[in-house]
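The structure appears below as structure tokens.
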Amino acid sequence: MSDAAVKYEADEARDAAYSTPLEEIDVADPNLFKNNAMWPYFERLRNEAPVHYCTTNEDAGPYWSVTRYKDIMAVDTNHQVFSSEGGITLRDQDEDFKLPMFIAMDPPKHDDQRKVVSPIVAPANLAKLEGTIRERAGRILDELPENEPFNWVDRVSIELTTQMLATLFDFPFEERRKLTRWSDVATATEDSGIIESEEARRAELLECADYFIGLWNERVNAREPGNDLISMLAHGESTRNMDKMEYLGNLILLIVGGNDTTRNSLSGGLYALNQFPEQYAKLQANPAVIPNMVAEIIRWQTPLAYMRRTALEDVELGGKTIRKGDKVAMWYVSGNRDETVIENPNELVIDRERARQHLSFGFGIHRCVGNRLAEMQLRITWEEILKRWPDQRIEVLAEPRRVHSSFVKGYEDLQVVVPKRKH
């Protein structure tokens with residue numbers, strides 16, 4: 001798409017955002033994210049209704065949107081009032097297909113289950129994984145076709161993160177793309193193009209459960225538990241007696257958390273550096289900036305657009321009264337673009353000061369357990385890219401095709417061309 005066409009679409013989105021009556025704005029409409037048209041809506045809500053009540057979403061029902069950085073922090077760090085029980089997405093789980101998972105639990109059960117899997121991302125274990133990630137990233141990059149278009153999402157972002165997931169689960173490596181599929185299915189809706197129906201979605205997720213039950217059964221009786229997520233769950237005090245649906249719920253959490261976030265930041269980072277070529281030049285001039293750039297990419301991309309909470313009591317926020325039982329969406333994607341907290345928030349600035357103060361990983365007891373692993377994968381990938389193309393750029397050829405979701409903010413297709421390497 002030409003720059004003029006992109007600008008025309010942005011102007012159209014802005015006109016629509018500011019001409020829609022405030023009470024009719026529904027930022028959870030996945031079409032806004034599919035078309036990258038949500039930005040002016042969030043800008044307007046931050047300025048005119050930072051705590052905003054939406055009653056027009058037929059799928060999710062009424063919900064509050066919290067769109068400013070400081071208000072999001074206030075909600076995210078107050079689990080005593082804003083509960084995760086009931087789900088982390090605006091759409092409620094169906095009564096006959098509930099998937100409990102520790103991110104959608106309150107203490108003490110949340111804390112007990114999270115503790116079981118957190119050793120997988122402890123510093124000592126991450127240090128062991130670094131060499132594996134570097135070797136794989138290098139191999140993936142070396143196998144890319146030169147001077148011909150290909151989909152970066154599939155060849156690089158998905159492949160690297162899915163290989164990592166297979167390692168964390170000690171999952172059969174040759175079948176690792178099952179993990180990619182289950183991750184996509186887990187967050188898909190009927191109009192996403194990923195599944196044919198809700199019944200088909202459930203059937204695939206139950207296949208996922210059965211597959212992992214087979215792996216559980218192989219590992220549960222091991223005298224020495226393995227250092228993988230399934231072994232940790234099978235031997236954990238608070239997880240070893242989970243029923244099938246709770247096991248599936250926690251698996252989905254670990255698959256989506258370990259896959260979608262890193263995958264979409266790997267794609268979003270390359271897209272962003274092409275949007276801001278002066279930053280790409282800055283990167284090539286100073287590769288030491290990569291760790292800071294990674295944090296800035298994760299802010300700029302915001303791979304999960306929001307998290308939901310449910311009010312446990314009546315509470316006032318931003319001059320509005322949120323009633324007990326109301327749904328509250330913390331729009332990380334908006335807080336990460338809050339002009340009152342972040343200077344030039346719509347721009348990628350790879351040497352931005354305090355770049356790690358973004359909202360993408362959440363805050364409080366539910367802060368992303370794998371955030372350091374995600375950062376490490378991105379850092380290593382960019383280090384390996386610069387080794388191969390120190391002064392040449394990987395060029396994005398067209399606007400990406402985005403995911404049809406207001407929860408996962410990601411990409412299906414990013415057409416790029418890699419220059420011929422100088423040997």
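Since we're looking at a predicted model, the values are computed, not measured.
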Do [X] and [Y] touch side chain to side chain, with heavy atoms closer than 4.5 Å?
X	Y	result
Asp92	Arg308	yes
Ser360	Asn336	yes
Pro145	Val418	no
Val328	Phe82	yes
Asn125	Val121	no
Thr310	Asp326	no
Ile158	Val153	yes
His404	Asp191	yes

Inset, instruction - Apply side chain to side chain contact (heavy atoms under 4.5 Å, CB included) to the pair Leu168 and Leu254, showing each step before the final yes or no. - result: CA-CA 10 Å; Leu168 296 178; Leu254 294 167; over 6 Å; no
Kindly write out the residues that satisfy salt bridge (charged side-chain N to carboxylate O under 4.0 Å, His left out) with [X], not counting sequence neighbours, or none if the list is empty.
X	result
Glu198	Arg201, Arg202
Arg155	none
Asp142	Arg388, Arg421
Arg402	Glu399

Donor-acceptor pair, distance only, cut-off 3.5 Å: does the side chain of [X] make one with the backbone of [Y]?
X	Y	answer
Thr239	His235	no
Asp243	Met245	yes
Gln93	Leu99	yes
Gln279	Ala272	no
Arg337	Trp300	yes

A quick test of your reading: do over 12 heavy atoms of other residues, nucleotides or ligands sit less than 6.0 Å from [atom1] of [X]?
X	atom1	value
Glu237	CD	no
Gln80	CD	yes
Glu174	CD	yes

Inset, instruction - Take Tyr332 and Tyr69 through the side chain to side chain contact (heavy atoms under 4.5 Å, CB included) test and state the conclusion after the steps. - result: CA-CA 8 Å; Tyr332 298 147; Tyr69 185 103; over 6 Å; no
To the closest 0.5 Å, what do you measure between [atom1] ([X]) and [atom2] ([Y])?
X	Y	atom1	atom2	value
Arg46	Ser334	CZ	OG	4.0 Å
Leu386	Gln392	CG	CD	11.5 Å
Ser65	Ile25	OG	CD1	9.5 Å
Leu373	Cys368	CG	SG	9.0 Å
Lys178	Phe171	NZ	CZ	6.5 Å
Arg134	Arg139	CZ	CZ	14.0 Å

Inset, instruction - Could you pull out all residues at least two apart from Phe407 that satisfy ring pair (Phe, Tyr, Trp, His ring centres under 6.0 Å)? - result: Tyr306
Legend entry - For Trp64, all residues meeting ring pair (Phe, Tyr, Trp, His ring centres under 6.0 Å), sequence neighbours excluded: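 Counting only residues at least two positions away or on another chain, Trp64 forms a ring pair (Phe, Tyr, Trp, His ring centres under 6.0 Å) with Tyr53.
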Inset, instruction - Could you name each residue pair satisfying ring pair (Phe, Tyr, Trp, His ring centres under 6.0 Å) that touches residues 335-381, not counting sequence neighbours? - result: His110-His366, His358-Phe361
Going by atom types only, do [X] and [Y] share a side-chain donor-acceptor pair under 3.5 Å?
X	Y	value
Asn151	Tyr411	no
Asn250	Gln113	yes
Thr189	Arg91	no
Asp59	Asn57	no
Thr180	Thr162	yes

Legend entry - Sequence neighbours excluded, every pair satisfying side chain to side chain donor-acceptor pair (under 3.5 Å) that has a member inside residues 206-221: Glu175-Tyr211, Asp210-Lys244, Arg219-Asp228
Measure across [X] and [Y] and return the closest heavy-atom pair with its distance rounded to 0.1 Å.
X	Y	answer
Glu384	Ala137	CG-CB, 4.3 Å
Met376	Leu126	CE-O, 3.3 Å
Ile194	Arg181	O-NH2, 3.1 Å
Pro303	Ser265	CG-OG, 3.6 Å
Ile342	Gly335	CD1-O, 3.9 Å
Gly318	Val51	CA-CG2, 4.1 Å

So which pairs with a foot in [range] pass salt bridge (Lys or Arg N to Asp or Glu O under 4.0 Å), sequence neighbours left out?
range	value
residues 361-381	Glu130-Arg379, Arg356-Glu375, Arg372-Glu375, Arg379-Glu383
residues 104-122	Lys109-Glu246
residues 64-87	Asp76-Arg309
residues 279-296	Lys282-Asp351, Glu296-Arg299, Glu296-Arg352

Legend entry - Test: Arg176 cationic atom under 6.0 Å from Phe173 six-membered ring centre, within 45° of axis: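 Because its charged atom sits under 6.0 Å from the ring centre and within 45° of the axis, Arg176 does stack over Phe173.
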Inset, instruction - Measure the acute angle between the ring planes of Phe42 and Trp331, then classify it against the limits of 30° and 60° as parallel, tilted or perpendicular. - result: tilted
Inset, instruction - Decide side chain to side chain contact (heavy atoms under 4.5 Å, CB included) for Val417 and Phe150; before the verdict, give the C-alpha distance in whole Å, the side-chain angles of both, and the deciding distance to 0.1 Å. - result: CA-CA 7 Å; Val417 67; Phe150 65 90; over 6 Å; no
Legend entry - Arg263/Asp184 ion pair, N-O < 4.0 Å: yes
Inset, instruction - Report the C-alpha separation of Ser267 and Ser157 in whole Å, then their side-chain angles, then the decisive distance to 0.1 Å, and conclude whether the side chain to side chain donor-acceptor pair (under 3.5 Å) test is met. - result: CA-CA 6 Å; Ser267 299; Ser157 304; 2.8 Å; yes
